[in-house]
Chemist: 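The structure under discussion is supplied below as structure tokens; questions concerning it will follow.
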Protein chains: 2
Amino acid sequence: MGFREDVKKIKALTDENRLAIMLALQHGEKCGCDLLEELNITQPTLSHHMKILADSGLVDYYKEGKWMHYSISAKGVQEFREMIGSYARCDCETDESVSCGCKDKK
Amino acid sequence: MGFREDVKKIKALTDENRLAIMLALQHGEKCGCDLLEELNITQPTLSHHMKILADSGLVDYYKEGKWMHYSISAKGVQEFREMIGSYARCDCETDESVSCGCKDKK
DNA sequence: TTGATACATTGAAATATATCTATGTTTAAG
DNA sequence: CTTAAACATAGATATATTTCAATGTATCAA
């Protein structure tokens, strides 16, 4: 099973700075220097985090002159949420034959 | 902001064994000894992982005699997915005024 | 009470991660 | 060609995480 790849993608969101970056990109594209001003971290640390977010597919980017432009990847986000859903789900919702007791807790 | 707590919850799913456990619980409640037979890990390691999953709220449990019974928490899963959605999302979907370019990539 | 089963806790070792300083690369302006 | 800005890479350090062996606790059966 491809757990390793999924773990790698989920780890993209297990850092406070990377969560802050996701929120910072929520309203549109930004360059690294913009992000640097919002996050109390050094430039190499930002570079490290952006590489992880880009590798995960959650963030798109392109280079323009000296600037790296980052943005949320709608496709990456959708795939990410579907992947999360494959683990964080409850079959009770759709399958009457299972008996994990979820319905009792609603 | 409460990034720290969210990071802690997301970390619940950043381990191959814990993902395997979530799948193993997908079709209903199981005890620790059942899970032990499916996962090539020792009992203390399973205990460690179950504590993390339980703390995250994704997994419910109750003790019955010698056995610990574990199951997916429908409520926990729903809250988890909503939390993930607050970071892994794209405002383009619902807000025409933003310009992160998501639409172009669909 | 004794022994066995299920599970938790402790402590140690190996590995992974986040962060910084220092330095390198690329681009553009003067 | 120089310089400065934006970003990447390398190396070091501190911290976190995973895992296991050893041990402790609780429950139940004989």
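Here is the naming used below: chain letters follow the sequence lines, and residue numbers restart at 1 for every chain.
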Chemist: May I have the distance from Leu46(B) (atom CG) to dA21(D) (atom C1'), rounded to whole angstrom?
Modeler: 16 Å

Chemist: Looking at dT26(C), dA8(D), dT19(D), which one has an atom nearest to any side-chain atom of Met68(A)?
Modeler: dA8(D)

Chemist: Closest to the Cys33(B) side chain: dA6(D), dC7(C), dC20(D)?
Modeler: dC7(C)

Chemist: Which whole-number value in Å describes the distance from Glu64(A) CD to dT26(C) C1'?
Modeler: 15 Å

Chemist: Side chain of His48(A) only, heavy atoms from C-beta on: which candidate in dT18(D), dA18(C), dA8(C) is closest?
Modeler: dA18(C)

Chemist: Atom NE2 of His49(A) to atom C1' of dT9(D): distance rounded to whole Å?
Modeler: 16 Å

Chemist: Would you classify Ile52(A) as touching base, sugar-phosphate or nothing, given that sugar-phosphate means primed atoms plus P, OP1 and OP2, and contacts are heavy atoms under 4.0 Å?
Modeler: sugar-phosphate

Chemist: What's the separation between atom CD in Glu29(A) and atom OH in Tyr62(A), rounded to the nearest 0.5 Å?
Modeler: 3.5 Å

Chemist: Starting at NE2 of His69(A) and ending at P of dT27(C), how long is that distance when rounded to a whole Å?
Modeler: 13 Å

Chemist: Side chain of Lys66(B) only, heavy atoms from C-beta on: which candidate in dT27(D), dT18(D), dT19(C) is closest?
Modeler: dT27(D)

Chemist: I want to verify a distance call: between dA18(C), dC20(C), dT19(D), whose nearest atom is closest to the Ile41(A) side chain?
Modeler: dC20(C)

Chemist: Atom CG of Leu39(A) to atom P of dT19(C): distance rounded to whole Å?
Modeler: 10 Å

Chemist: Taking the minimum atom-to-atom distance to the side chain of Gln43(B), which one of dA6(C), dA18(C), dA8(C) wins?
Modeler: dA8(C)

Chemist: Looking only at the side chain of Asp15(B) (C-beta and beyond, no hydrogens), which of the listed nucleotides dT18(D), dC20(C), dC7(C) gets closest?
Modeler: dT18(D)

Chemist: Side-chain contact test, heavy atoms from C-beta onward, threshold under 4.5 Å: evaluate it for Lys11(A) versus Lys11(B) and give yes or no.
Modeler: no

Chemist: For the side chain of Ser47(B), starting at C-beta, report the closest nucleotide among dA16(C), dA6(C), dT9(C).
Modeler: dT9(C)

Chemist: I want to confirm an ordering. Mapping Gly65(A) and Arg18(A) to their closest nucleotides on DNA chain C, which one lands closer to the 5' end?
Modeler: Arg18(A)

Chemist: Atom CG of Leu36(A) to atom C1' of dC7(D): distance rounded to whole Å?
Modeler: 9 Å

Chemist: In whole angstroms, how far is the P atom of dT15(D) from the CD atom of Glu16(A)?
Modeler: 16 Å

Chemist: Select base, sugar-phosphate, or nothing to describe what Tyr70(A) touches, counting heavy atoms under 4.0 Å on all strands.
Modeler: sugar-phosphate

Chemist: Rounded to the nearest Å, what distance is computed from the NZ atom of residue Lys51(A) to the P atom of nucleotide dA18(C)?
Modeler: 14 Å

Chemist: Starting at the 5' end of DNA chain C and moving along, which residue's nearest nucleotide shows up first, Asn17(A) or Trp67(A)?
Modeler: Asn17(A)

Chemist: May I ask you to verify if any side-chain N or O of Lys63(A) is less than 4.0 angstrom from the OP1 or OP2 atom of dC7(D)?
Modeler: no

Chemist: Does the side chain of Phe3(A) come within less than 4.5 Å of Glu5(A)'s, by heavy atoms?
Modeler: no

Chemist: So which nucleotide from dA10(D), dT27(C), dA16(D) ends up closest to the side chain of Pro44(A)?
Modeler: dA10(D)

Chemist: Step by step, work out the side-chain hydrogen bond (donor to acceptor under 3.5 Å, both in side chains) result for Asp6(A) and Tyr87(A).
Modeler: CA-CA 10 Å; Asp6(A) 287 342; Tyr87(A) 298 104; 2.5 Å; yes

Chemist: Within this structure, what is the CG-NE2 distance for the pair Leu23(B) and His27(B), rounded to the nearest 0.5 Å?
Modeler: 8.5 Å

Chemist: Taking the side chain as C-beta and beyond, is there a heavy-atom pair between Met50(A) and Met68(A) under 4.5 Å?
Modeler: no

Chemist: Respond yes when some side-chain nitrogen or oxygen of Thr45(A) is under 4.0 Å from OP1 or OP2 of dC20(C), and no when none is.
Modeler: yes

Chemist: Any side-chain N or O of Thr42(A) under 4.0 Å from OP1/OP2 of dT19(C)?
Modeler: no

